[in-house]
Amino acid sequence: MLLVELIRKNPEEVKRKLAKKNFNQPEIVDEIISLDTKRKKIQTALDDFLSQRNTISKEIGSLMQSGQKELAENKKNEISTIKENTLVLEADLKVVEDKLFNQLVTLPNLPSDLVPEGKTPEENVCTFIVKEIPVLSEDAKPHWELTEKYDIVDFELGVKLTGAGFPVYKGKGAILQRALISFFLDEAGKAGYNEVIPPLMVNEESAFATGQLPDKEGQMYHVTEDKFYLIPTAEVPITNILRGELLKENQLPIKYTGYTPCFRREAGSYGKDVRGLNRLHQFDKVEIVQAQHPDKSYETLDEMAKHVENLLIKLELPYRILRLCGGDMSFASALTYDFEAYSGAQKKWLEVSSVSNFETFQSNRLKLRFKNADGQNILAHTLNGSALALPRIVACLLENNQTPEGIKIPSVLQKYTGFDMIK
RNA sequence: GGAGAAAUGGCAGAGUGGUCGAUUGCGACUGUCUUGAAAACAGUUGACUGUAACAGGUCCGGGGGUUCGAAUCCCUCUUUCUCCGCCA
């Protein structure tokens, strides 16, 4: 959530930046400012009445104690008009505050200056691409045929148990999942991230604080009986670990990693993009999360991107890095790098990681702050990235590493799988 | 699921209708002393809002109510603890 203070100070700049993010209702910015002005006015008037009330109440108190009951009664009468006024103003204030809040939550985060202009994924800027994109032979099979051939992922069975998008990993397929998770967690651990296993369901407050509510309500599975949401990413519970914290400056950066399954309704998705492992309702992911000093958060973003890049290199996967344009970025992000691995048989790039700096957009909702040397409370910056999402990695590994003898396992994974070939 | 008890500042723990934003202890920070440290002594030590700066306002688990006035009384929700039941 954007800070009202920032909007007040630079309304035109805010509008310009919002436009870059494909947000086309600049009038909301003006409405927010006028609502906030109204809010302040009401608040000041209300405070004034409350102040009078407090003073008189104290006087009544001392009169009562000194036994001057009649004078006290007179004071009580005096206070009744004041009380009526406070009730009216309190009601007004609530209306204005609600309106203000509802407008404020519709605004996406402002893009950093590094974000390229653009409205569609085609306008993302490729900042790195491997020299050689593998060309497989014409009879190379897409992963959904390979998973069937080797009986390692069973989509039909998942349909029987739950529905489309909930595959069952079997045998070496299941072990491969476990191996990747362990590998990713070990790498994150080596990079200084503290490993956690968070809940897979969160409450409304958590979903709001990281920005999923109200923006992405329809994308989450909602457990209505208990008002919980199944997490769409570990980002939600892990970042919320820090909700409400007032840290010491020297505690930064705080680094967490965690593996969780992720649940996404993917309403509106269909067609080729959802084939096989490309897009699922439940998938596994290892996430890295940091809270950092505002002065250092962009360095940290680069460091996290480097971490993700190294994973792809170690897995020997061809990849490219995109700096997302304003129109393709997520609601809460200020700058995002997407990592795409090449899927040789599908002949296309699949997004396997997204690394973002949210600046204060999340921390403002989280109330995640630190105390600086001057004793001021400053909002920290939050960042996160997938490191990595499993299904598309598996898809690429299967397709790119297929041979007539079977599917080769990258050497870095072999100590985790215990085998070097799926056959 | 049933019965009971509780929720106060970083922590511990007072406070049962008025000068309580909150006694006290510990911790932390600053100063004095010291070559330095410890000890001792003195002081400081929550957040939000608001202002040019003051002032003012709000916050004692969340929400609502009673009252001129609520940490304190009432209702409700949540959480924790104890006992019973159930269970991996």
Side-chain angles (χ1 to χ4, degrees), chain A residues 1-9 32-105 197-209 213 223-229 237 240-252 254 291 360 362-380:
Chain A
M1 194 156 63
L2 297 180
L3 291 159
V4 184
E5 203 182 330
L6 176 83
I7 299 173
R8 290 188 75 97
K9 275 188 190 152
I32 285 173
I33 293 174
S34 102
L35 282 168
D36 189 51
T37 308
K38 216 162 159 184
R39 198 208 90 231
K40 282 191 181 181
K41 221 166 146 185
I42 297 174
Q43 182 81 62
T44 313
L46 174 62
D47 286 355
D48 203 43
F49 282 121
L50 287 176
S51 171
Q52 289 178 40
R53 189 201 68 185
N54 289 343
T55 311
I56 297 176
S57 287
K58 277 183 188 167
E59 283 168 15
I60 293 174
S62 51
L63 287 173
M64 295 291 271
Q65 282 189 337
S66 61
Q68 297 171 276
K69 291 228 165 91
E70 274 183 37
L71 283 173
E73 286 303 321
N74 289 343
K75 290 273 179 193
K76 282 193 195 180
N77 295 334
E78 196 180 313
I79 224 165
S80 68
T81 20
I82 293 175
K83 207 182 176 189
E84 278 166 32
N85 286 328
T86 61
L87 289 176
V88 172
L89 288 174
E90 271 170 3
D92 289 354
L93 185 63
K94 190 170 166 21
V95 170
V96 172
E97 277 179 342
D98 286 352
K99 271 191 199 163
L100 179 62
F101 177 80
N102 287 333
Q103 298 281 38
L104 215 45
V105 294
I197 301 179
L200 304 183
M201 291 190 259
V202 293
N203 57 30
E204 248 173 72
E205 258 183 298
S206 295
F208 172 77
L213 288 181
V223 183
T224 51
E225 185 77 14
D226 297 286
K227 294 186 178 157
F228 293 151
Y229 291 89
N240 269 281
I241 291 173
L242 297 166
R243 174 150 50 89
E245 289 290 311
L246 182 54
L247 304 166
K248 288 177 183 151
E249 189 165 356
N250 64 15
Q251 284 179 274
L252 296 172
I254 291 188
T360 59
Q362 290 182 331
S363 58
N364 185 28
R365 295 189 182 197
L366 290 159
K367 295 286 168 269
L368 167 59
R369 296 160 303 168
F370 66 91
K371 210 175 257 302
N372 73 5
D374 298 332
Q376 293 169 305
N377 297 327
I378 314 278
L379 289 171

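Here is how names work: the chains are called A, B, and so on, in the same order as the sequence lines, proteins then strands, and each is numbered from 1.
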Inter-nucleotide [atom1] distance ([N], [M]), Å rounded:
| N | M | atom1 | value |
| --- | --- | --- | --- |
| B:rG27 | B:rA38 | P | 13 Å |
| B:rG13 | B:rU23 | C1' | 10 Å |
| B:rA71 | B:rC77 | P | 23 Å |
| B:rC20 | B:rG85 | C1' | 44 Å |
| B:rC59 | B:rA22 | C1' | 12 Å |
| B:rA70 | B:rU16 | C1' | 11 Å |
| B:rU72 | B:rU67 | C1' | 13 Å |
| B:rG56 | B:rG61 | P | 25 Å |

What integer distance in Å separates [X]:[atom1] from [N]:[atom2]?
| X | N | atom1 | atom2 | answer |
| --- | --- | --- | --- | --- |
| A:Lys41 | B:rU51 | NZ | P | 14 Å |
| A:Asp48 | B:rC54 | CG | P | 19 Å |
| A:Arg39 | B:rG57 | CZ | P | 17 Å |
| A:Leu3 | B:rG50 | CG | P | 11 Å |
| A:Phe49 | B:rA55 | CZ | C1' | 17 Å |
| A:Leu368 | B:rA47 | CG | P | 15 Å |
| A:Ile82 | B:rG57 | CD1 | P | 13 Å |
| A:Leu93 | B:rG50 | CG | P | 12 Å |

If you restrict it to nitrogen or oxygen atoms, what contacts under 3.5 Å exist between nucleotides 73-80 of chain B and the protein, and what is each distance?
none

Answer yes or no: does atom NZ of A:Lys371 have more than 12 heavy-atom neighbours from other residues, nucleotides or ligands under 6.0 Å?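 Check passes, neighbour count above 12.
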Is atom NZ of A:Lys58 surrounded by more than 12 heavy atoms (other residues, nucleotides or ligands) closer than 6.0 Å?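 Counting neighbours around NZ of A:Lys58, 12 or fewer heavy atoms of other residues, nucleotides or ligands fall under 6.0 Å, so no.
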Partner of [N] by Watson-Crick or G-U wobble geometry, both contacts under 3.5 Å, or none?
| N | answer |
| --- | --- |
| B:rA14 | none |
| B:rA5 | B:rU80 |
| B:rG31 | B:rC41 |
| B:rC59 | B:rG46 |
| B:rG36 | none |

Do side-chain atoms of [X] reach the backbone of [Y] as a donor and acceptor pair under 3.5 angstrom?
| X | Y | value |
| --- | --- | --- |
| A:Asn102 | A:Asp98 | yes |
| A:Gln251 | A:Lys248 | yes |
| A:Thr44 | A:Lys40 | yes |
| A:Asn240 | A:Ser206 | yes |
| A:Arg365 | A:Phe208 | yes |
| A:Ser363 | A:Ala380 | yes |

Kindly indicate whether the side chain of A:Leu87, heavy atoms from C-beta on, has any atom under 4.5 Å from the side chain of A:Glu84.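 Not in contact.
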I'd like to know if A:Lys69 pairs up with A:Glu73 as an ion pair, taking the criterion as any Lys NZ or Arg NE/NH1/NH2 lying under 4.0 Å from an Asp or Glu carboxylate oxygen.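 No, A:Lys69 and A:Glu73 are not salt-bridged.
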Readout for nucleotides 60-69 of chain B: B = base within 4.0 Å of protein heavy atom, S = sugar-phosphate only, - = neither; 5' to 3' it is --------BS
With nearest nucleotide decided by heavy atoms, which residue, A:Leu46 or A:Lys248, maps closer to the 5′ end of RNA chain B?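 Mapping each residue to its closest nucleotide by heavy atoms, the 5'-most match is A:Lys248.
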Quick check: on RNA chain B, is the nucleotide nearest A:Lys371 upstream (toward 5') of the one nearest A:Gln52, or the reverse? Name the residue that is more 5'.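 The residue whose closest nucleotide sits nearer the 5' end is A:Lys371.
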How far does [atom1] of [X] sit from [atom2] of [Y], to the nearest 0.5 angstrom?
| X | Y | atom1 | atom2 | value |
| --- | --- | --- | --- | --- |
| A:Arg39 | A:Leu93 | CZ | CG | 7.5 Å |
| A:Ile254 | A:Leu242 | CD1 | CG | 5.0 Å |
| A:Ile79 | A:Asn74 | CD1 | CG | 12.5 Å |

Given B:rC48, B:rG50, B:rU58, which nucleotide is nearest the side-chain atoms of A:Lys40?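 Closest of the options to the side chain of A:Lys40: B:rG50.
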From B:rG56, B:rA47, B:rU49, nucleotide with atom closest to A:Leu246 side chain: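 It is B:rA47.
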Quick one: do the A:Gln43 and A:Asp47 side chains pair a donor with an acceptor below 3.5 Å?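 Present: a donor and an acceptor within the cut-off.
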Polar-atom pairs under 3.5 Å, protein N or O versus N or O of nucleotides 9-12 of chain B: list them with distances, or write none.
none

Answer with base, sugar-phosphate or nothing: what part of the nucleic acid does A:Asn377 contact at a heavy-atom distance below 4.0 Å?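 A:Asn377: backbone/sugar contact only, no base atoms under 4.0 Å.
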